[in-house]
Amino acid sequence: LRQQKEANKKASDRAEELKAFIARFSANASKSKQATSRKKELANLQIEDIKPSNRKYPYINFDMERDLGNEVLAVENLDIDGRKVSFRLNKGDRVCVLGNSQTISKFFDAIMSNNPAVNWGKTAIPTYLPSNYDKFFNGVKLNLVDWLKQFSPDTNETFVRSWLGRMLFGGEEALKEARVLSGGEKVRCMMAKTMLARGNFLILDEPTNHLDLESITALNEGMKKYRGVMIFATQDEEIMATVANRVMEFTTTKFVDKMCEYNDYKS
């Protein structure tokens, strides 16, 4: 839809240019051939009607239980595959992490562990969406309503179903068994779990894996609106470019931490 809108705008702008040229030079003998040429171009320009889309977008919005204090997270000499990692995260930081996916997952796991090198602020409520969430689904003999109740502060079925509905599991879809879901369906369930936690510090490890374009778009919007601190890894260039204001990277030899947007870092 966005591409169609952009194409329509370009066509509309070009049509206005052509009309202005024709109006100004159609009576000018030296410009008559150019004016005639532009009349033909104008006649061939087609601005397509934008048809209503039947695509369905999940609703992704990460709300917070409480605001963060000034002290968020301090990491001192955390060992990640032989690299010594030290940094402090502050209110407003939205960090994109680059590098080998296995190394990044180890990094996120270490942050969420009881490692003495990791010190959380007193007001921090960290919420983690890992890249591997098999343990939440494999062998689980629960339908999605009962599955999500495990992670919900309110176990009323209407409340839980409303969250599943946001993730496009309406009606009978909410009674699917958790163990038979597709990859994309599992991610949407994990998104519901993550949102229900109402954390003020999000760690998202490859959250776009298995998602379709509509879900990725919804996630991108949710990440942009989030008011807490966020550290994430993704292969989606649009998310990195529109969300991150700080970039960390695990190169083959060292850990890099830059206070800049993703496009500036890559340029």
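The structure presented is a predicted model; accordingly, all values stated were derived computationally and were not measured.
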Participant: Enumerate the residue pairs fulfilling salt bridge (Lys or Arg N to Asp or Glu O under 4.0 Å) with a member in residues 110-123, sequence neighbours excluded, ordered by first and then second residue.
Facilitator: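 For residues 110-123: none.
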
Participant: Please identify each residue that fulfils side-chain hydrogen bond (donor to acceptor under 3.5 Å, both in side chains) with Arg227, with sequence neighbours left out.
Facilitator: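 Checked Arg227 against side-chain hydrogen bond (donor to acceptor under 3.5 Å, both in side chains); matches are Asp67.
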
Participant: Asp93: what forms a salt bridge (Lys or Arg N to Asp or Glu O under 4.0 Å) with it, not counting sequence neighbours?
Facilitator: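 Result, salt bridge (Lys or Arg N to Asp or Glu O under 4.0 Å) vs Asp93: Arg246.
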
Participant: Under 3.5 Å, which donor-acceptor pairs link side chains of residues 131-139 to any protein atom two or more places apart or in another chain?
Facilitator:
{"residue": "Ser131", "atom": "OG", "partner": "Ser105", "partner atom": "OG", "Å": "3.4"}
{"residue": "Ser131", "atom": "OG", "partner": "Asp205", "partner atom": "OD2", "Å": "3.3"}
{"residue": "Asn132", "atom": "OD1", "partner": "Asp134", "partner atom": "N", "Å": "3.1"}

Participant: Looking at residues at least two apart in the chain, or sitting in another chain, which of them share a side chain to side chain contact (heavy atoms under 4.5 Å, CB included) with Asp146?
Facilitator: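 Scan of Asp146 (side chain to side chain contact (heavy atoms under 4.5 Å, CB included), adjacent residues dropped) gives Leu142, Asn143, Lys149.
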
Participant: Would you please name every residue forming a side-chain hydrogen bond (donor to acceptor under 3.5 Å, both in side chains) with Thr194, sequence neighbours left out?
Facilitator: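 None.
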
Participant: Going by salt bridge (Lys or Arg N to Asp or Glu O under 4.0 Å), name the residues that satisfy it together with Lys106, two or more places apart in sequence or in a different chain.
Facilitator: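 Listed in chain order: Asp81.
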
Participant: Do any pairs count as a ring pair (Phe, Tyr, Trp, His ring centres under 6.0 Å) and have a residue in residues 229-257, sequence neighbours left out, and if so which ones?
Facilitator: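 The answer is Phe107-Phe250, Phe250-Phe255.
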
Participant: With sequence neighbours excluded, what pairs up with Glu177 under the salt bridge (Lys or Arg N to Asp or Glu O under 4.0 Å) test?
Facilitator: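 Expected list: Arg179.
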
Participant: side-chain hydrogen bond (donor to acceptor under 3.5 Å, both in side chains) with Ser215: which residues, sequence neighbours excluded?
Facilitator: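 Here the qualifying residues are Asp212.
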
Participant: Taking salt bridge (Lys or Arg N to Asp or Glu O under 4.0 Å) as the definition, give me every residue that meets it alongside Glu157, ordered by chain and number, with sequence neighbours left out.
Facilitator: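 Per chain and number, Glu157 pairs via salt bridge (Lys or Arg N to Asp or Glu O under 4.0 Å) with Arg161.
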
Participant: Going by the rule ring pair (Phe, Tyr, Trp, His ring centres under 6.0 Å), which residues pair with Phe62 if we only count those two or more places apart in sequence or in a different chain?
Facilitator: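 Phe62 satisfies ring pair (Phe, Tyr, Trp, His ring centres under 6.0 Å) with no other residue.
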
